[in-house]
Amino acid sequence: MMMNRGIVALACVWIAAAPAAAQDLSRPDTAAQRSGRLFTRRDLLIAGAFAAGAAAMFPVDHTLANHLQDSTVQANHFLSHTATGARLLGSPGALVLPVATFAAGRVLRKPQMADLGLHTAESVLMAQAITSVAKAATGRARPVEDPGHPFNYRFGRGLRNDRFSSMPSGHTSSAFAAASAAASEVGEHWPRHRTLAGITLYSAASLVGLSRMYNNKHWASDVVVGAAVGTFSGWKVVGYTHSHRNNRLDRFLLGTRVAPAPGGGMALDWSSLRR
């Protein structure tokens, strides 16, 4: 009973932290937009906070993993179904949903919707690329592979075997990339909805991270590092693209519209819909 209460408390703290962080994270990266630089001094402070969070998780990785794999916790149908839904939200949902949003925005001639979908999808792809390199390099054993040794690392081992590609969590990095990019875009286009969007999106991303721990695929520190990779990816893509609005990719993808063809079917029509 005490163990179950501990798991519930952990989940509540995790989810409660997301809305609090969203008050700041949902804002566009205005520093990058003002200067046009990819990285700013503010980023160092935020990176330090994420690093501290990951370091704090390392000593308790093993304990948290054991608690989440307790038979009574794993037998809980609500937690099991929620974890499955969250996993699918992280992948493929974190990429499929933005692509669908972009396509809908182009078809419906909604430039702000297309802008949100495109930059969110770009953020997820960037996070996935960084995560893939980091996984291969760290070579950390997943908790399901070596449950008693959270410090089982070997450089380059993750490239050859998925069982040793635990850090960082790919589902989590994708989810947080989508959350940070989409929240920033909402703050840019619909500022009145910024706070609600941030709370919703970051809470959903946090559930994805928890699901990876519940499914014994990642240590807690893997999830924190994944959240950092994803959050920065979203910030940087949105901040950079909005400070370089005439970049070639945006001009091509946001200026190409899918429209009904006169003789039936669909056709591509190039016309800039940017503001």
Side-chain angles (χ1 to χ4, degrees), residues 14 17-58 89-91 94-95 98 115-138 140 165-188 194 197-199 201-209 212 218 220-244 247 249:
W14 192 296
Q23 300 298 320
D24 178 67
L25 301 186
S26 60
R27 292 176 172 82
D29 195 345
T30 53
Q33 291 177 26
R34 277 199 309 272
S35 65
R37 292 181 300 177
L38 188 58
F39 293 103
T40 66
R41 282 186 293 179
R42 176 174 174 267
D43 294 336
L44 294 177
L45 297 176
I46 299 169
F50 273 118
M57 288 293 102
F58 278 119
L89 181 63
S91 180
L95 188 57
D115 189 78
L116 184 153
L118 174 61
H119 297 150
T120 301
E122 290 175 343
S123 300
V124 173
L125 291 174
M126 177 178 173
Q128 289 179 348
I130 295 172
T131 299
S132 296
V133 173
K135 282 176 172 289
T138 56
R140 188 184 197 183
S165 61
S166 189
M167 176 176 279
S169 166
H171 284 72
T172 305
S173 66
S174 294
F176 272 86
S180 62
S184 294
E185 288 287 354
V186 170
E188 173 79 11
R194 180 180 59 201
I199 291 172
L201 292 166
Y202 281 101
S203 295
S206 298
L207 280 175
V208 173
R212 302 308 286 158
H218 289 285
S221 52
D222 297 336
V223 170
V224 174
V225 175
V229 170
T231 299
F232 270 101
S233 296
W235 281 346
K236 295 299 105 180
V237 167
V238 173
Y240 187 81
T241 54
H242 280 269
S243 64
H244 299 78
N247 67 82
L249 190 60

Atom of [X], atom of [Y] and distance for their closest heavy-atom approach:
X	Y	result
Gly230	Ala127	CA-CB, 4.2 Å
Ala178	Ala94	CB-O, 4.0 Å
Ser180	Gly234	OG-CA, 3.1 Å
Ser203	Ile199	OG-O, 2.7 Å
Ser221	Ala54	CB-O, 3.9 Å
Gly90	Ala175	CA-CB, 4.4 Å

### Task
Assess whether ring-ring contact (aromatic ring centres under 6.0 Å, His included) is satisfied between His119 and His242, documenting all intermediate values.
CA-CA 10 Å; His119 297 150; His242 280 269; 5.5 Å; yes
Note, [X] side chain near [Y] side chain (heavy atom, < 4.5 Å):
X	Y	value
Asp115	Glu185	yes
Val186	Leu116	yes
Val223	Met57	no
Ser165	Arg140	no

### Ion pair Asp222/Arg212, N-O distance below 4.0 Å
no
Drop me the distance from [X]'s [atom1] to [Y]'s [atom2], to the nearest 0.5 angstrom.
X	Y	atom1	atom2	result
Asn247	Thr241	CG	OG1	6.5 Å
His171	His218	NE2	NE2	7.5 Å
Leu95	Gln128	CG	CD	6.0 Å

#### Entry: Results of side chain to side chain contact (heavy atoms under 4.5 Å, CB included) for Ala181 - residues two or more places apart only
Thr120, Ser123, Val238
### Message
The criterion is side chain to side chain donor-acceptor pair (under 3.5 Å); which residues satisfy it with Thr131, sequence neighbours excluded?
### Response
Ser173
### Message
For Tyr202 and Phe176, take the angle between the two ring planes, folded into 0 to 90°, and tell me which bin it lands in: parallel under 30, tilted 30 to 60, perpendicular over 60.
### Response
tilted
### Task
Fit a plane to each ring of Trp235 and Phe232, take the angle between them on a 0 to 90° scale, and name the class: parallel (under 30°), tilted (30 to 60°) or perpendicular (over 60°).
perpendicular
### Message
For the backbone of Ala177 and the side chain of Ser233, can you confirm whether one donor and one acceptor N or O come within less than 3.5 Å of each other?
### Response
no
### Query
Under the side-chain contact (heavy atoms from CB on, under 4.5 Å) criterion, do Phe50 and Thr231 qualify, and how do the steps go?
CA-CA 10 Å; Phe50 273 118; Thr231 299; 4.0 Å; yes
